Amino acid sequence: MLIQIKNLTKTYQRLEGAINAVDNLSLDIPRGEFVTITGTSGSGKTTLLLILGGLLQPTTGSLIYNGKEINLHNDNDLATFRSKHVGFVMQSFALIPYLTATENIMIALNVKNKNKHENKKRAIELLEWVGLADRTTHYPKELSAGQQQRVAIARALANNPDLLLADEPTGNLDPGLSEEILTILKEINQKQSTTVVMVTHSPVAAEYGTLRIKLNNGILIN
Amino acid sequence: MTLTELTIKELWHRKSQLISGLLAITLGIGVIVGIRSISVVSEKAVAVNLDNLGANILVLPQAASVDNYYAADIDAPTFSESYVEKIVTSTLPGVDNMSPKLTRRVKIGNENIVLTGILPKSEIASKPIWQSGGLLGNKVNPSCAPKAGAEKTKNIDPKLQRKGIETLASNDCFLGSAVAQKFKLKENGKLTIQGKEFNVVKVLPETGTVDDDRVFANLHEVQALLGTGEQISAIEIMGCCSAISEGLLSKLRNILPDTRITTIGQIVSTQIETNRMMNKISLVFLIIILFVGSISIGNYIWANVNERRKEIGILRMIGYHKKQVYYILILKALIIGIVGGVLGYVLGTLAAIWLGPLFIGIEVSPIYSLLFLSIAISIIISIIGSVIPAYMAGKIEPFSNMQED
């Protein structure tokens, strides 16, 4: 089992009172699955994804990764966890605008490996793999939305993560490009045995999941 | 791509922000350097001007008072001329010049005059005001004088210079303006004192001091005339004001324990007060610039952090720690500090070189040691200003890149 979530709750304090975005949720995610999380807006799916990636600290509950409990309340431990085990693909691509495609990947590689020459080589390989061999020196604004998302996927794979988290990765793309991106994610899942967890609104995208879960008001309903 | 390279690329990417940040610190440092450059030179110029007023330290016999010295009574105490040698051989720093004197009130006919024996070279060098009157031309170069700006060579009649400095013969004398008027004497006239005839080499310009009532003759001739042997009434010393404030008087007292050493208080205190005032002005400006500069840089880095919330969120998301976010921002402040310090030094120096002669009539030369000071102050300003924004940047959540603008 790659991930075990036990009694996870995330409470936000609002003027109208406390709201549980994730409510006492327990879930097991086996290694190598392509998990899709669906649900209405405010159902807690992005909150769950953030907690899974160590981006957000839960109010209560525990996260066991590869049999080892992650300290969800230590900022440094979470940063190390993210750099070693998790890759992220966001709806908004999350690329640094003044870095080229290669440099955007190199900055992720630099977290673990300080060898600039090796990092550059690896970044170019990754760009070739996502079909952007001729866009290595392009800045994000010089790339189309689909190309930017592919750079983001290449960056997510930079440090060979076991877990790839995608938050609405096709949300800003047209159907043709969406399919391209979903195909790449599927390939990553199947060829590299990387566990993919994807949050999506799209029923078509949800179909890619080998394990499909649905949330409502922070509770697992399916 | 390292974090250092990322920082440099980000600086270059936001050029307009970089320029405004650099401008704030460059102007601040420029003001400090400009003021300091001018104040250092003007301090020295003031010191030279005050030194030009004459000696500022008086060495008298233990039993004598300053009044005795000026009254020049016949029985005023004296001490050995060999004391001059003691001072010369001690090579004390800050003793720019000295003039041993024997002074006695004598009668010429029914008139009282003050006969003063001097060693001409040293006497004249310690009385540069005479030089401006056209008597002699050896340049005054006090140890606290500036190399440029305040010091200007006078146009001196070389004939007078030779006569006065090198050959104040046993029968030559200078007359104070009042004495010359009293005896209706001019240059090349004759004056008989106690049976000895003196040639009048020069009538000194009016100074408004006791010197106007003096007749100056060679010290050794005066000693012989008065029968005092190798005795003198006083040694006038022109000491550098900063050396005086650093304890020159007590050092002199150690060398000459059985003498009375005093300063001509007004001159010395004016010099020291001027230096203090200049330093205080520089310090006040330094504090203001430190304060305003830090706020400006803080504001700049703060705005930069807010603009970069998403970028910082991305870096945190891909696994960078808080300390690495601090590193990026502090490095940025450091770069701005170094560049701003260098530019501020250049700007301030150029402004001082241009404005110094224009407004206060002194020539200013670059002070190279201020370059290091400028960079150090600039870095301090930048780092102080960026500490709080960097701390706040560390608090940016790693999922900030997902939030809408």
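All values derive from a computational prediction rather than experimental measurement. Reminder, nothing fancy here: chain letters follow the sequence lines and each chain counts from 1.
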Can you say whether A/N119 sits under 4.5 Å from chain B via the side chain, the backbone, both, or neither, judging by heavy atoms?
neither
Is any side-chain N of the basic residue among B/R14 and B/E311 closer than 4.0 Å to the acidic one's carboxylate O?
yes
Donor-acceptor pair, side chain of A/R82 and main chain of A/G53, under 3.5 angstrom:
no
Please look at A/F93 and chain B and tell me whether the side chain, the backbone, both or neither of the residue comes under 4.5 angstrom of a heavy atom of that chain.
neither
Side chain, backbone, both or neither: which part of A/L78 has an atom under 4.5 Å from a heavy atom of chain B?
neither
Between B/L315 and chain A, which part of the residue has a heavy atom less than 4.5 Å away: side chain, backbone, both or neither?
side chain
Quick one: which of A/I107, A/T102, A/I96, A/N104 gives a side-chain contact (heavy atoms from CB on, under 4.5 Å) with B/M1?
A/I107
For the residue pair A/H85 and A/Y65, categorise the inter-ring angle as parallel (less than 30°), tilted (30 to 60°) or perpendicular (more than 60°).
tilted
